[in-house]
Chemist: 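Got a structure for you, questions after.
Every chain is numbered from 1 and lettered A, B, ... according to where its sequence line falls, protein lines coming before strand lines.
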There are 2 protein chains.
Amino acid sequence: MSLERIKAARGRPKTLDRDHVLEVAMDAYWKEDIGNLSLNEICRRCDVSKPGLYREFLNEDGLMKAVIIKYQKEVLNPVLEMLNSEAPFRETLNNLVSFATSVADTKDAPRGCLLIKMRESRMHLGEATRAQIDFIQEQALSAYRAWLERSQAKGEFNADMSSEFAATYIDAQLSHAASQLARGENQLIVKKMLLVAFSMLVE
Amino acid sequence: MSLERIKAARGRPKTLDRDHVLEVAMDAYWKEDIGNLSLNEICRRCDVSKPGLYREFLNEDGLMKAVIIKYQKEVLNPVLEMLNSEAPFRETLNNLVSFATSVADTKDAPRGCLLIKMRESRMHLGEATRAQIDFIQEQALSAYRAWLERSQAKGEFNADMSSEFAATYIDAQLSHAASQLARGENQLIVKKMLLVAFSMLVE
DNA sequence: GTATTATTGTACCATCCGGTATTTAATTGG
DNA sequence: CCAATTAAATACCGGATGGTACAATAATAC
């Protein structure tokens with residue numbers, strides 16, 4: 001029995017495709033200049049009226065927050081999963097580097113990391129989006145830290161620095177690589193720089 | 001004899017203070033979000049009418065180019081001068097780090113580097129400004145390179161990488177530090193990270 | 001004093017922005 | 001068939017933007 005069909009709602013049927021809007025918006029924020037991307041433009045691109053968008057997401061802040069949450073689920077969480085692997089420290093670190101500097105071969109694929117882009121243009125974001133970004137950031141930092149401490153315990157990571165500082169350093173370098181890619185810099189050079197920056201972590 | 005007085009120009013005497021406008025604009029672009037700083041706002045702040053500003057600088061692009069040139073003269077060139085010193089490699093590198101992470105103790109002093117800020121918000125800039133930024137960037141990279149090659153010749157720098165790559169790496173790390181400072185991150189942590197990132201260059 | 005030259009600021013232009021009031025359309029419940 | 005409900009899109013709001021037309025002003029040249 002039960003919710004095969006959800007009771008056939010009351011009023012005029014909804015035609016707005018929430019997921020489609022989020023896909024278009026995520027792609028746009030990821031590839032283009034966040035501060036110069038208007039709600040109007042997004043409405044145009046996914047053929048949705050402005051009041052429709054406001055009904056669904058409340059306001060621009062709401063849309064952006066929904067976008068970053070989608071990004072978190074689809075892109076960031078899989079990365080953080082890598083940190084739970086029992087693979088050797090070196091290997092996981094290399095995986096991180098490879099992942100961060102990988103670029104889909106499609107010509108107009110997004111480059112860099114949407115989270116980092118948003119963090120960099122913090123001033124253009126609303127309250128809710130900012131809060132969500134800070135939350136994700138904290139989450140990531142503690143994931144790095146836990147991974148580093150596990151590696152320390154296994155004797156695979158023993159650089160002369162606190163796990164907290166190392167987590168900050170790794171996050172900073174990966175973020176920097178992401179912005180370089182977003183700015184269009186050469187993928188191989190960026191990767192080489194990351195490896196140099198991490199070289200003292202692996203003896 | 002001669003140009004004690006410059007011939008007392010013909011028409012209505014100019015009252016617009018070009019230098020004052022440039023000071024105000026440089027300060028503003030340096031401290032605030034470039035993409036959200038309108039010409040109107042700058043006019044308001046230095047009490048100049050909009051047509052006056054357009055007459056002096058042609059357009060927004062012209063103003064920004066004038067600002068970055070002023071910044072180059074007053075801030076960047078002195079840094080590049082450091083690279084001509086005959087001091088040991090380590091010492092000059094440390095000077096670079098200290099300079100990059102120094103923050104005036106005044107509460108509302110600008111943080112980070114205007115050049116890097118502009119490079120990061122490239123999309124908000126006009127043609128002329130972009131060209132000037134690329135020019136400065138090339139200049140800086142070859143200054144780093146020359147310095148590295150001189151240090152190599154003196155046997156003070158011998159990391160296993162080309163001087164070109166090392167120059168790119170150093171520039172990237174210093175730039176990253178500048179954006180972190182601009183974003184308000186802790187000055188001491190940023191400095192510590194820079195030192196770690198450069199640790200493999202000095203043995 | 002009058003023409004010439006150059007700089008000034010007011011007041012305006014079209015365009016876009018985020019956000020909303022309002023009317024119209026599509027459906028269910030009775 | 002008629003109310004109730006929900007979502008739709010048009011058309012608008014005030015305000016900001018980059019940029020300009022234009023008349024007023026202040027000086028020199030003659």
Chemist: Between dG19(D) atom P and Tyr54(B) atom OH, what is the distance in whole Å?
Modeler: 4 Å
Chemist: Out of dG19(D), dT5(D), dA26(C), which has the shortest distance to the side chain of Pro13(A)?
Modeler: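 My answer, after comparing the listed nucleotides, is dA26(C).
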Chemist: Nearest of dA8(D), dG29(C), dT4(C) to any side-chain atom of Leu16(A)?
Modeler: dA8(D)
Chemist: Can you measure Ile42(B) atom CD1 to dA16(D) atom C1' for me and round it to whole angstrom units?
Modeler: 15 Å
Chemist: Please determine whether a side-chain nitrogen of the Lys or Arg among Lys117(B) and Glu120(B) lies less than 4.0 Å from a carboxylate oxygen of the Asp or Glu.
Modeler: no
Chemist: Would Asp134(A) and Arg122(A) pass as an ion pair if we require N to O under 4.0 Å?
Modeler: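 Looking at Asp134(A) and Arg122(A), the cut-off is met.
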Chemist: Should the heavy atoms of other residues, nucleotides or ligands under 6.0 Å from CG of Asp47(A) be counted, would the total exceed 12?
Modeler: no
Chemist: Only one of Phe89(A), Tyr144(A), Phe198(A), Trp147(A) passes ring pair (Phe, Tyr, Trp, His ring centres under 6.0 Å) with Phe157(A); say which it is.
Modeler: Phe89(A)
Chemist: Closest-nucleotide mapping onto DNA chain C: is Asn36(A) or Pro51(A) further toward the 5' terminus? I mean the 5' end.
Modeler: Asn36(A)
Chemist: Find the distance Asp47(B):CG to dT10(C):C1' and express it as a whole number of Å.
Modeler: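 Rounding to the nearest Å, CG of Asp47(B) and C1' of dT10(C) are 14 Å apart.
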Chemist: Just the rounded figure in Å: distance from C1' of dA11(D) to CG of Asn40(A).
Modeler: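 In whole Å, dA11(D) C1' and Asn40(A) CG are 13 Å from each other.
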Chemist: So, is Thr15(A) near the phosphate of dA7(D), with a side-chain N or O under 4.0 Å from OP1 or OP2?
Modeler: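 Checking dA7(D) against Thr15(A), no side-chain N or O comes under 4.0 Å of OP1 or OP2.
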Chemist: So does Arg90(B) have more than 12 non-hydrogen atoms from other groups sitting under 6.0 Å from CZ?
Modeler: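 Not buried by this count: 12 neighbours or fewer within 6.0 Å.
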Chemist: Using OP1 and OP2 only, check whether a side-chain N or O of Arg10(B) sits under 4.0 Å from dC30(D).
Modeler: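 No, outside the criterion.
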Chemist: Between the base of dA8(D) and the side chain of Arg55(A), is there a donor-acceptor distance below 3.5 Å?
Modeler: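 When only heavy-atom distances are counted, Arg55(A) does reach the base of dA8(D) through a donor-acceptor pair under 3.5 Å.
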Chemist: Hey, which sits more toward the 5' end of DNA chain D by its nearest nucleotide, Gly11(B) or Ser38(B)?
Modeler: Ser38(B)
Chemist: What is the separation between atom CG on Leu37(A) and atom P on dG18(C), rounded to the nearest whole Å?
Modeler: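 That distance rounds to 9 Å.
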Chemist: Return the value, rounded to whole Å, for the distance between atom CZ of Arg18(A) and atom P of dA8(D).
Modeler: 13 Å
Chemist: In whole angstrom, what separates Leu53(A)'s CG from dG19(C)'s P?
Modeler: 11 Å
Chemist: Just how far, in rounded Å, is C1' of dC13(D) from CG of Leu39(A)?
Modeler: 16 Å
Chemist: Does Arg12(B) make a side-chain donor-acceptor contact with the base of dT25(D), cut-off 3.5 Å?
Modeler: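 Per atom types, the contact qualifies.
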Chemist: Look at the side chain of Lys50(B) against the base of dG9(C) and say whether a donor-acceptor pair falls under 3.5 Å; ignore hydrogens and angles.
Modeler: no
